[in-house]
Amino acid sequence: MCRTCVAIAGADYCVIAADTRMSTGYSILTRDYSKIIQLADKSVMASSGFQADVRALQKVLAARHLIYQHQHNKQMSCPAMAQLLSNTLYYKRFFPYYAFNVLGGLDSEGKGCVFTYDAVGSYERVGYSAQGSGSTLITPFLDNQLKSPSPLLLPAKDAVTPLSESEAIDLVKTCFASATERDIYTGDKLEILVLNASGIRREYMELRKD
Amino acid sequence: MFRNQYDTDVTTWSPAGRLFQVEYAMEAVKQGSAAIGLRSKTHVVLACVNKASSELSSHQKKIFKVDDHIGVAIAGLTADGRVLSRYMRNECINYSYTYESPLPVGRLVVQLADKAQVCTQRSWKRPYGVGLLIGGLDESGAHLYYNCPSGNYFEYQAFAIGSRSQAAKTYLERKFETFVDSSRENLIKDALFALRETLQGEKLTSSNCTIAVLGIGEAFSTLDQETVQRLINEFEVVGEDPPAEASAAPDQSDGAEPGPAAAAAAAAADDDDQETPAADQGAAPMDI
């Protein structure tokens with residue numbers, strides 16, 4: 001399983017991050033491949049897994065979004081995109097897209113939202129999520145740090161994290177720095193996208209290259 | 001054109017070698033409200049008259065975005081136009097999905113023409129009753145095409161279709177040589193002037209027209225009402241005459257026949273119109 005993706009939803013922002021390493025077996029194919037795509041104004045998807053399927057999935061969603069815009073004269077909302085992604089994945093239930101996705105964005109009220117998926121489209125809106133090879137290392141750490149939106153206290157106390165945007169970004173950087181240490185498939189560079197009311201912003205951070 | 005025994009089927013030729021059903025379909029285009037297209041080297045402007053079927057209703061949409069680099073204005077059966085726009089949008093999406101690059105306008109126009117031709121050679125179909133003015137960009141710059149119900153297509157520097165389009169065409173014929181190097185703003189102003197010709201006396205306001213622009217570095221977009229009204233006010237404040245009158249003098253045709261030509265131009269326009277700014281005496285009305 002390739003790569004790691006993380007997303008955290010806040011009261012008025014959403015942070016989506018993924019590393020940029022592409023590997024196969026014990027080899028690195030490239031250190032600089034983006035797995036994050038902006039599907040709509042307020043929807044960003046990060047995917048781990050088999051990159052050819054990820055790319056095909058991105059193209060299908062982009063085309064469907066264009067059709068939506070032609071028909072409805074507006075952009076798709078994040079929850080609508082979430083349902084579309086789920087349907088698209090389930091459509092290939094018997095020959096799945098080998099892609100493990102995390103969709104992040106802002107809902108119609110401007111609150112951050114994160115949707116997490118499995119390969120065949122089962123999805124849920126959550127306050128934070130990690131997918132990919134480093135997810136087993138990152139998820140317990142996020143459960144610990146973001147106590148209130150954690151589903152471990154059932155039901156989750158808050159829908160989104162009360163952290164500020166910069167705190168969330170720092171948390172994400174810490175997650176990846178740690179995951180890079182132990183996971184061979186994670187490293188090289190971290191790409192972070194931040195969505196908020198003023199638009200979208202990209203940030204990069206170097207990670208260990210070994 | 002009168003009813004005759006060869007006009008029942010689209011698959012019946014007349015002895016003179018005409019397909020009357022196809023020609024009748026082109027008449028349907030002339031019934032629709034006017035649509036105008038002009039292009040420069042870098043931009044294409046599409047403009048149309050908003051006609052509402054009654055005072056109670058809203059007007060129909062006649063300008064459609066097909067892709068960032070292609071837009072279409074229609075005249076005739078709007079339902080047919082809507083369906084063809086959907087076809088064009090799908091073609092553009094599928095092409096860019098497969099080839100990761102925008103569909104060249106010329107290709108789209110040919111596909112559309114072939115689609116129209118099919119309807120002229122099947123006894124169980126009828127020709128599309130809509131004329132399409134397609135503006136688009138490709139590697140060689142800006143283009144404007146006209147697609148007929150007959151399955152023919154032509155490239156134009158500027159063209160007008162629909163009812164009272166002859167008045168607009170007369171204006172465009174006078175000015176078209178200036179369009180190639182025209183700026184975006186002047187191109188839009190010329191479109192508004194041409195559109196005004198088709199209104200023949202009715203006041204041009206932002207509520208009875210729609211303007212759309214696309215160009216190199218500028219994705220297709222429809223201008224909003226305030227911008228259009230501002231542009232209309234700008235040229236109406238200046239006066240009746242169009243700006244940048246480089247070719248105010250009568251054009252190339254013989255000055256020796258202003259009388260009959262003027263009479264022909266007046267007859268070609270549907271109503272007697274006092275507001276036409278200095279209708280060129282020598283201008284010959286264009287034939288399709």
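Please read these numbers as outputs of a predicted model, since none were measured by experiment. First the proteins, then the strands, lettered A, B, ... as listed; each starts at 1.
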Engineer: Measure the NZ-CG distance between B:K65 and A:N73 for me, rounded to the nearest 0.5 Å.
Structural biologist: 9.5 Å
Engineer: Are more than 12 heavy atoms from other residues, nucleotides or ligands located less than 6.0 Å from atom OH of B:Y153?
Structural biologist: no
Engineer: Do any of residues 78-105 of chain B have a heavy atom less than 4.5 Å from a heavy atom of chain A, and if so, which, in residue order?
Structural biologist: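 If one takes a 4.5 Å heavy-atom cut-off, the residues of residues 78-105 of chain B near chain A are B:R89, B:N90, B:I93, B:Y97, B:E100.
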Engineer: For atom CD of A:Q69, decide whether the heavy atoms of other residues, nucleotides or ligands shown that lie under 6.0 angstrom number more than 12.
Structural biologist: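 More than 12 heavy atoms, drawn from other residues, nucleotides or ligands, come within 6.0 Å of this atom.
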Engineer: Verify the neighbour count for atom CZ of A:R31: are there more than 12 heavy atoms of other residues, nucleotides or ligands below 6.0 Å?
Structural biologist: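 Enclosed.
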Engineer: Has B:D224 got more than 12 heavy atoms of other residues, nucleotides or ligands less than 6.0 Å from its CG?
Structural biologist: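 Buried by this count: over 12 neighbours within 6.0 Å.
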Engineer: Are more than 12 heavy atoms from other residues, nucleotides or ligands located less than 6.0 Å from atom NZ of A:K111?
Structural biologist: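 12 or below, so no.
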